[in-house]
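These notes concern the structure reproduced below.
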Amino acid sequence: MQKGNIGVTTENIFPVIKKFLYSDHEIFLRELISNAVDATQKLKTLVSKGEYNGELGDLTVRVALGKDTITVSDRGIGLTAGEIDKYINQIAFSGANDFLEKYKEDANAIIGHFGLGFYSAFMVAKRVEIISKSWQEGATAVKWSCEGSPEFTLEETQKEDRGTDIVLYIDDECKEFLEESRITQLLKKYCSFLPVPIAFGKKKEWKEGKQVETGEDNVINETSPLWTRKPSELKDEDYQKFYRDLYPMSDDPLFWIHLNVDYPFHLTGVLYFPRVKSNVELNRNKIQLYCNQVYVTDTVEGIVPDFLTLLHGVLDSPDIPLNVSRSYLQSDSNVKKISTYITKKVSDRLLSIFKNDRAQFEEKWKDLKIFIHYGMLTQEDFYDRAKEFALFTDTEGKHYTLEEYKTLIKDGQTDKDGNLIYLYAQRKEEQYSYIEAARNKGYNVLLMDGQLDIAVVGLLEQKLEKSRFTRVDSDVIDNLIVKEEPQTEALEEGKREVLSTLFKSQLPKMEKTEFTVTAQPLGETASPVVVTQSEYMRRMKELADIQAGMAFYGEMPDMYNLVLNSDHRLVKSILAGQEEACADAIAPLQQELDGVNARHEELRKQAEGKKDGEVPQADKDEKQELEKRRDDLKQRKETVYADYASKNKVVRQLIDLALLQNGMLKGEALDNFVKRSVELI
Ligand code: ADP
C-alpha cells in the first residue's frame with residue numbers, strides 16, 4: 001500500500017472548503033456526476049478514434065444510496081494508480097488552491113460556479129474513496145481513500161468492471177444527502193439533461209397499495225434535450241412540450257428562438273418569449289444556464305442583456321467563464337460577443353415574424369411589447385433594430401409601425417412650428433370624451449396603456465426629430481395642436497379673475513391635488529368647463545413610478561387646470577348673474593381698494609430711485625399698512641364671490657360635471673352631485 005501526503009501548501013484545505021461553500025454543498029453531486037459523464041464520453045471518443053476495441057456495454061452512470069454512503073459509479077475510462085496520483089493528488093489540489101486565491105477577491109462569484117470538481121465531495125463527506133479500474137488492457141483496480149486531510153492511501157483492490165466508483169461516507173452534519181427525495185431533487189436540478197443516462201435506483205410502481213421497485217432503471221435525465229438537436233428536425237409541438245417540461249405552470253410561450261453557433265464561440269440554446277399576464281411582476285431568472293448539458297445556474301445577469309433576462313429557456317455554452325465574478329463577466333470579450341449575438345438573434349427573429357406573418361405579430365404585440373419596449377429603452381443596438389417592427393396601437397386597435405404612423409398623421413397633426421404632434425390616451429374609458437373630441441377634429445389617438453409606454457414616449461421624443469407626444473387631456477382641444485395664432489376675443493382680465501375666483505371657491509378639496517382655474521374662449525359649442533392636466537408634470541410623475549432617482553416628482557401633488565369656456569352661455573350667465581348679485585357688496589369694497597391702490601402707487605413712485613435709508617420711516621409704515629389693507633379687501637371681495645358661488649348651483653354643477661368626466665368625482669362630492677342633480681331635475 002502506498003501512503004503519502006497530498007502536495008498542497010495550505011495545511012488543511014478541507015475545513016476551508018466546507019466553510020466557504022457551506023450554502024452550496026449540494027453542488028458536490030453535480031461535480032461528481034459530471035466527472036462520471038466526462039469519463040464516459042472520453043471512452044466513447046477512444047472508441048471513435050479506434051483506440052479502444054473492447055465492449056462498451058451499458059454506460060449508464062449510477063447513483064446509489066447506502067446507509068451512510070452515496071456512491072456514484074460509471075463505466076468510463078477509469079483511472080490507473082498513476083493517473084490518480086497525477087490528477088487527484090497533484091492537479092486537483094492545485095485547483096483547490098486556485099479557489100482559495102480567487103476567494104480572496106470575491107466569494108460570492110465563486111460559490112456554486114467554481115468547478116471545485118472532485119474535491120467538492122469533501123464538503124459533505126468525512127471520507128471519500130475512489131475505486132477505479134482503467135480501460136487499458138491488463139489494468140489493475142486501485143482504491144484511493146482520504147479522510148479530508150492531506151493524507152491519503154492508495155492500494156490495489158479487486159474490481160470486476162471497468163470504470164470508477166466514488167464512495168462518499170457522508171458527514172454527520174450532512175445527513176440530508178442520504179435522503180432519497182433530496183437526491184432526486186438535486187438530480188432533477190443539475191442532471192436533467194446530461195448526455196449519458198443517469199440512473200438513481202429502480203423505477204417504482206404501485207402494487208397492492210405499496211410502492212415496489214421494478215427491474216427497470218430509474219433514469220432521471222433526457223440525454224438529447226431539445227436544444228442539442230437540429231432545428232430542422234423539430235416541430236412546434238416539440239418546442240412547446242419542452243417549454244412545458246421546463247415550466248409546468250406556465251401558459252404556452254409566444255415565440256421561441258433556437259440558438260446555435262460554433263464560431264467564434266460555442267453556444268446553443270432555446271429562448272422563449274413567455275406570455276406575461278399584465279400587472280404581474282416580471283419574472284427574471286427563468287433562463288437556465290448549462291455548460292455542456294450540466295446545469296450551472298439560473299442567474300444569467302451579465303451574460304445576456306438585461307431585457308432578455310425576462311425571457312425563458314436554456315442557454316448552453318462551454319465558453320462562458322463561470323469561475324469569475326459577475327462584474328468581470330461583463331467585461332469578458334466572449335461574453336460580450338455572446339450577448340451581442342443573442343440580441344441580434346432575438347431581433348432578427350422578431351423582424352422575420354413581423355415581415356412574414358404580420359397578422360400573428362400584431363395579435364401577439366400586446367404580450368410582446370413589454371419585452372420590446374424594455375429592450376428599446378435599455379439597449380441602443382436593439383432600438384436600432386426594433387424601430388422596424390415596434391408597433392403603435394391606436395384607440396381603435398389598429399397597429400402601425402413608427403414610419404407608417406408618421407405618414408398617417410403628417411398632414412393633419414403638424415403644428416404651426418412644424419412639430420409633429422402624437423396624441424395619446426392611457427385609459428380608453430376614462431379619457432373617452434377627450435379621445436372623442438380629438439377624433440372629431442380628425443386627429444388619430446394612440447393608446448399607450450403599457451407599463452413602459454410613458455418611458456418609450458420620452459425615448460421617441462429624443463429619437464424622432466421635431467416630434468412631441470401629448471396626452472389628449474393635456475390641454476383644451478384647440479390648443480393640443482396649435483396650427484395658427486388664436487383669433488377669438490379673450491375676456492378682459494378683470495372678468496377672467498372674477499370667474500376664476502368664483503369657481504376656485506367651489507372646488508372640492510382633494511388630497512395631493514391642486515387646481516389652476518383659467519378662463520379661455522373655446523367657442524360657443526364647446527364644453528363650458530374642461531379639466532386638463534399639463535403633459536410635463538404628469539409625465540414626470542408617472543416616470544417617477546418606474547425610474548429611480550425621480551422620487552422628487554413622485555412627491556409633488558397632481559396639478560390640474562380647470563378651464564372655463566368664456567364663450568359658453570352658462571359661463572356667461574354666471575358672470576352676468578354675479579355682476580347683478582354682487583354689485584352692491586362689491587362696489588364699496590372696490591372703491592376703497594382703488595383708493596388704497598392709488599395711494600400705494602403714489603408712495604411707490606416717491607420712493608423710486610431712492611436708497612432705502614432715504615425713504616422716511618412714516619412712508620414705509622404707511623405702505624405696509626396699505627398692503628395689509630389691500631389683502632384684507634381682496635379677501636373680503638373673495639368672500640362675496642364665494643358666497644354668491646356657493647348659492648349658484650350651476651357653478652358647482654359645472655365643476656362636478658368636469659370632474660366626473662375625468663373620473664375625479666368621488667365620495668362625498670359625488671354624493672352631493674347626485675343629490676343636487678336630482679333637485680335640479
Ligand atoms: P476537473 O474535472 O475539473 O478536471 P476534478 O477535480 O473534478 O477536476 O477531477 C480531476 C481529474 O480526475 C479529472 O480531470 C479526471 O481526469 C479525473 N477524474 C475525476 N473523476 C473521474 C472519473 N469518474 N473517472 C475518470 N477520471 C476521473
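In each ligand, atom 1 is the first atom listed, and ligand 1 is the first ligand listed.
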Interatomic spacing from CE in Met376 to CG in Asp384 - rounded to 0.5 Å: 9.5 Å

Please list, in number order, the atoms of ligand 1 under 4.0 Å from a heavy atom of Tyr87. 10 (C), 11 (C), 12 (O), 16 (O)

Within reach of ligand 1, part of Val72 (heavy-atom separation under 4.0 Å): neither

Pair Tyr239 and Tyr243, ring centroids less than 6.0 Å apart: no

Hey, is ligand 1 close enough to Phe118 that some N/O pair sits below 3.5 Å? yes

Need the ligand 1 atom indices (1-based, order shown) with element for anything under 4.0 Å from a heavy-atom of Leu79. 25 (C), 26 (N), 27 (C)

Given that the side chain starts at C-beta and the backbone is N, CA, C, O, which of these parts of Asp74 lies under 4.0 Å from ligand 1, counting heavy atoms, or is it both or neither? side chain

With a 4.0 Å cut-off, would you call Arg244 and Asp252 a salt bridge? yes

Near Ile88 (heavy-atom distance under 4.0 Å), the atoms of ligand 1 are 12 (O)

Is Glu173 salt-bridged to Lys126, going by a charged N under 4.0 Å from an acidic O? no

Pair Glu26, Arg182 - check salt bridge (Lys or Arg N to Asp or Glu O under 4.0 Å), show working. CA-CA 10 Å; Glu26 61 178 45; Arg182 180 81 169 113; 3.3 Å; yes

